[in-house]
Amino acid sequence: SLSEKLQQIIASTGKNSTLTDDNIQDALREIRRALLGADVSLNVVKSFISSIKNKVVGEKVVESTNPSQTLIKIVNDELTNLLGEKQAPLKLDTNPSIIMMLGLQGSGKTTSAAKLALKLKKEGKSPLLVALDVYRPAAILQLKTLAKDNNIDFFSDENNSDVVDIAKKSLEHAQKNNNTVLIFDTAGRLQIDSDMMAELMLLSHNFKINEKLLVVDSMIGQAALEVALDFDEQLGIDGVILTKLDGDTKGGCALSIVHATKKPIKLIATGENIVPLEDFHPDRMANRILG
Amino acid sequence: ITNDDVINEYEFDDIESMLIKADLGVDLSVELVEKLKDKKIKSSQLKPFLKEEFVNILNNAPDEKLKFDKNKINIYFVVGVNGAGKTTLIGKLANKFKKEGQKVLLVAGDTFRAAAEEQLDIWSKRAEVDILREDKADSASLAYRAIDSARKENYNVVIIDSAGRLQNKFNLIEELKKIKNVIAKKIENDNLETILVLDGTQGQNGLNQAMVFNEAVDISAIAITKLDGTPKGGIIFSIAKTLKLPTKLIGIGEGINDIKEFNKDEFISALFD
Ligand SMILES: Nc1nc2c(ncn2[C@@H]2O[C@H](COP(=O)(O)OP(=O)(O)OP(=O)(O)O)[C@@H](O)[C@H]2O)c(=O)[nH]1
Ligand SMILES: Nc1nc2c(ncn2[C@@H]2O[C@H](COP(=O)(O)OP(=O)(O)OP(=O)(O)O)[C@@H](O)[C@H]2O)c(=O)[nH]1
Ligand SMILES: [Mg+2]
Ligand SMILES: [Mg+2]
């Protein structure tokens, strides 16, 4: 683990285990290696390391009686702070409110949409799942099945390939049906696909979307930084849902995304079964990344 | 950099950055840059040297194409984590074989996820091939029956879909072993390729995936998807180096024709783009 490696580095100087210029370099290199190994994007790692370096120099780690522990604590605290405040809530202050799920292919949007609906139901809202993925084979059936199996209201317009039109109809349906929150499930797309990005922008312009949530697979690699930045710059995201955290990936993308976009990770998914989405805890994520 | 100039420290950093950003992983990237330094590679030799290194790393794995013999039954068992692109890959592969005149049977082995069978069914219609699907069926028995059908009805390609599963889910991996054992026992003179589908956008966890899936069901081929996005899929290098698993297929889009046989030189050139 990182803390063991740091202990070894500091112990190896043999000089009453204090932190010297030499072993600070080695320690920083080890921290860098751990963060890259956890899939934190390179540019984010570089800026993180330089801020740690300043803290190490500034915080008298050198004089501490247990420098490796102090160092690990600085890293953990800095990581936790950067990962953002605990529980950034969903802003659903209009009636009805609209949440739009968006992101790369296979990241977990459809599954998370159903889980989000369950969470909202528990909070006394009346969610409507809206099938706006008109491309993927059986996408509408997938969302319809999840809705039906979990007693969630559902809207689709099966032979309509115009997502703006389907969305308009879903709003009318929501009014009649007294749904207070609409959850738009959209097709997976590449942030470099201008036609597909235009579709999201069209939805964004035609409707007041309270929450644009970027759904990210926690296993994502170095691309996390540019993907998040690109989606945010083109569309403006309000928050992130990190999925598949029941896996054993370190999930360093969490740091890349928050550090780059300054948008919060609002919710997390930890399994295939449809249960309410859970809150994001920055301290737990920090421990996981440094694991 | 002027031709034949010595590479300076900043330039070494740039090279290391490029490798890390391509998801090669920090250890392999550092190792390659150290090699460049040790051998005092000049900047004009840089690209050819790196290309050769990449080829050497990939050559740790057997240099093989996807197994196929038109006079045998060719069985492809497709596995991988959730959302990697298995079902879509199967649709593309089915289409390719059908266009080459083969008789293809798809097996809807994901009996768990919502609309999984329907999704594969739509692909079977697009590729104009047959599909074996049955509500509430057990995946292992579906695979068993599919191979029986293949013998009786002269299919020479059988492609078996499976539910996505994360590698740390012990019970799901055990289930996969069971399906593989059933297939393995049913094989007579047939070809079997066990394909691990890897999401090209993922990071270092891909090595762990490959390790666990390989240990569980003996992977014979890697298929890496979503390379039409910005990520480079560099994880296949440590998979070739550490596990000696060959990459045989790549997915480059969501359309039925967006599949290619893996080509080392093309893949390596793309790293420099
Ligand atoms: N283990 C696990 N699997 C998940 C989680 N979230 C989603 N999945 C699975 O990941 C796969 C992809 O999920 P989807 O909801 O279809 O993803 P999507 O983003 O809607 O995919 P596209 O619409 O094709 O872009 C499915 O097998 C889901 O069951 C999670 O938190 N944990
Ligand atoms: N851009 C791009 N998208 C792809 C590629 N391959 C698959 N996809 C998309 O990725 C998403 C997931 O694909 P699936 O085939 O459902 O993945 P899977 O592994 O079968 O998923 P589960 O069965 O849920 O585990 C779909 O939206 C596909 O269209 C590819 O090569 N490029
Ligand atoms: Mg979906
Ligand atoms: Mg599938």
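Order of the sequence lines sets the chain letters (A, B, ...), proteins ahead of strands, with each chain counted from 1.
Using a 4.5 Å cut-off between heavy atoms, A/Asp246 touches chain B through backbone and side chain atoms alike. With a threshold of 4.5 angstrom between heavy atoms, B/Lys21 approaches chain A through its backbone and through its side chain. Heavy-atom distances place both the backbone and the side chain of B/Asn82 under 4.5 Å from chain A. Residue A/Lys46 touches chain B through its side chain alone, counting heavy-atom pairs closer than 4.5 Å. Of the two parts of A/Leu42, only the side chain, counted from C-beta on, holds a non-hydrogen atom closer than 4.5 Å to a non-hydrogen atom of chain B.
A side chain to side chain donor-acceptor pair (under 3.5 Å) with A/Asp248 holds for exactly one of B/Gln209, B/Gln167, B/Lys169; it is B/Gln167.
Comparing A/Ser107, A/Ala223, A/Gly247 by heavy-atom pairs within less than 4.5 Å of chain B, the highest count is held by A/Gly247. Among the candidates B/Asn168, B/Val26, B/Leu166, the residue making the largest number of heavy-atom pairs closer than 4.5 Å to chain A is B/Asn168. Comparing A/Gly106, A/Pro137, A/Ala138 by heavy-atom pairs within less than 4.5 Å of chain B, the highest count is held by A/Pro137. Among the candidates A/Asp193, A/Leu146, A/Asn43, the residue making the largest number of heavy-atom pairs closer than 4.5 Å to chain B is A/Asn43. Of the listed residues A/Ile140, A/Ile220, A/Thr145, A/Asp217, the one with more heavy-atom pairs under 4.5 angstrom with chain B than any other is A/Ile220.
A salt bridge between A/Asp26 and A/Arg29 is present, with a side-chain N of the basic residue lying under 4.0 Å from a carboxylate O of the acidic one. Salt-bridge formation is detected for the pair B/Glu174/B/Lys177: a Lys NZ or Arg NE/NH1/NH2 atom is positioned less than 4.0 Å from an Asp or Glu carboxylate oxygen. Checked for salt-bridge contact, B/Glu31 and B/Lys241 meet the test: a charged N lies under 4.0 Å from a carboxylate O.
Looking at every heavy atom in both residues, A/Ile166 comes nearest to A/Phe155 through O-CE2, 3.6 Å. Looking at every heavy atom in both residues, B/Ser124 comes nearest to B/Leu106 through CB-CD1, 3.8 Å. Here the shortest heavy-atom pairing between A/Met196 and A/Tyr135 reads CE-CE1, 3.5 Å.
Using a 30° and 60° split on the angle between ring planes, B/Phe97 and B/Tyr76 fall in the parallel class, below 30°.
Of all residues in residues 113-122 of chain B, those placing a non-hydrogen atom less than 4.5 angstrom from a non-hydrogen atom of chain A are B/Arg113, B/Ala114, B/Ala115, B/Glu118, B/Gln119, B/Ile122. For residues 183-192 of chain A, a heavy-atom distance under 4.5 Å to chain B picks out A/Gly188, A/Leu190, A/Gln191, A/Ile192, given by residue number.
For the pair A/Glu78 (side chain) and A/Val75 (backbone), a donor-acceptor distance under 3.5 Å is absent. Without hydrogens or angle criteria, B/Thr225 side chain to B/Ala84 main chain gives a donor-acceptor distance under 3.5 Å. Of the possible donor and acceptor atoms, none in the side chain of B/Lys35 sits under 3.5 Å from a partner among the backbone N and O of B/Glu53.
More than 12 heavy-atom neighbours from other residues, nucleotides or ligands sit within 6.0 angstrom of CD on A/Glu278.
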Item to complete: List the steps and the verdict of side chain to side chain contact (heavy atoms under 4.5 Å, CB included) for A/Val45 and B/Ile20.
Response: CA-CA 11 Å; A/Val45 174; B/Ile20 289 173; over 6 Å; no
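Counting only heavy atoms from C-beta outward, the side chains of A/Leu245 and A/Met285 approach each other to under 4.5 Å.
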